[in-house]
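Heads up: numbering here begins at 1 and tracks the sequence. When a ligand or atom number is given, it counts from 1 through the structure's own listing order.
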Amino acid sequence: MDDWKARTKLVHSGTRRSQYGEVAEAIFMTQGFVYDSAEQAEARFIEAGPDEFIYARYGNPTVRMFEDRIAALEGAEDAFATASGMAAVNGALTALLKAGDHVVAARALFGSCLYILEDILGRFGVEVSFVDGTDLDAWAAAIRPDTKAVFCETISNPTLEVIDLPAVAEIAHKVGATVIVDNVFATPVLSRVLDQGADVVIYSATKHIDGQGRALGGVILGSKAFIRKIVEPYLKHTGGSMSPFTAWIMLKGLETMDLRVRAQAATAQAMAEALQWDGRLDRVIYPGLETHPQHALAGRLLEKGGTVLALDLKGGQAAAFRFLNALKIVLISNNLGDAKSIITHPATTTHQRLSDAQKAELGITPGLVRLSLGIEDTDDLIADVKQALDAV
Ligand SMILES: *Cc1c(COP(=O)(O)O)cnc(C)c1O
């Protein structure tokens, strides 16, 4: 099974069949599990085997199938599934850190990740230093002998900066810091972050893993020791576990994820190329374009440029709003990685909370829109975007 290729793993890894021999994965919609005897219950509370369950907050057969399948794909020893991507980010950080610890994080982060690092961790006495994630000297200057963890998004939201993960990990590992990456934008299909120095990988399964806009979910992947000794005790007692029904949705999502993500990335590349010299745009940001500042790095770290691109419209917010309102196929919404193409205006939605100075520092200009490509026909999508630009 270890030598299966990704697409085989995504269909078959982790499967557990009941006595009925069902083809599609069963939903074990149960909170609890019956023991044959009091002695068996006692033994299981001392140490549960890989297919022995106690309570759904601790684990469940459908959830375990999902954890094993995504771990097989990622090449991780183990995984813990969570109720949302944010439960995964919060779980990984809070399970590891304690008062007095120091963390270094890239500044360009998903809004809620920034809230955890900037507001919540500080309240519990964790010191966080923020750096420009693309500046290796800044990482080297900020990481101290007592730095416990570093945190970054491998491709940042929404300006799609690519972090030199192998270089950051090398600096972090010199002081023994744990490298935690939120790898949503790079996707588990197009990147191999555990091979590039990450110790812990986090996904919002809400995005490409479900990929069909149905459920919130998340997952933390890493060594068996990290997942079972650090993450599991924290999450099973604090309640961030994934529901069996969600796990079933995510298992079915994994089956088609490779096909979807590759189609989405191909469309994103075609869209970026079709728009890159369009005079109505100040910038077309996509790691797969040669004009992207980290294009060469992206080529080393990622199989393709990803499924999301950012466009900066001339004419600021008014132009951006007219553009969004004129789209006929692409939906105005703030999810990404979905089968449906989705567009958002970060400055007034996902990053509204930031001050104007913070937005400017992160490159979130009034004209910037983030476009997540779906699996619709590429030519239809390019035509839709072009007619909406005409309408601006
Ligand atoms: C969406 C997202 C999250 C949060 O995931 P939820 O499932 O919405 O909780 C975290 N990080 C990144 C990069 C995301 O895109």
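Sorted by first and then second residue, the pairs that involve residues 214-232 and meet salt bridge (Lys or Arg N to Asp or Glu O under 4.0 Å), not counting sequence neighbours, are E67-R228, D78-K224, D78-R228, D210-R214, R228-E232, E232-K236.
Not counting sequence neighbours, T350 has no partner by the side-chain hydrogen bond (donor to acceptor under 3.5 Å, both in side chains) test. Under the side-chain hydrogen bond (donor to acceptor under 3.5 Å, both in side chains) criterion, N325 pairs with no residue at all, not counting sequence neighbours.
The pair E25-K252 meets the salt-bridge criterion, since a charged nitrogen lies less than 4.0 angstrom from a carboxylate oxygen.
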Evaluate the criterion ring-ring contact (aromatic ring centres under 6.0 Å, His included) for residue pair Y286 and H292; output intermediate values, then yes/no.
-> CA-CA 6 Å; Y286 183 65; H292 189 284; 8.2 Å; no

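The main-chain N or O of F28 is found under 3.5 Å from a side-chain atom of T62 such that the two form a donor-acceptor pair.
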Between ligand 1 and the protein, which N/O pairs are shorter than 3.5 Å?
from     : atom 1 : to   : atom 2 : distance (Å)
ligand 1 : 5 (O)  : S204 : OG     : 3.0
ligand 1 : 7 (O)  : G85  : N      : 2.8
ligand 1 : 7 (O)  : S204 : OG     : 2.8
ligand 1 : 7 (O)  : T206 : OG1    : 2.5
ligand 1 : 9 (O)  : G85  : N      : 3.0
ligand 1 : 9 (O)  : M86  : N      : 2.9
ligand 1 : 11 (N) : D182 : OD2    : 2.5
ligand 1 : 15 (O) : K207 : NZ     : 2.7

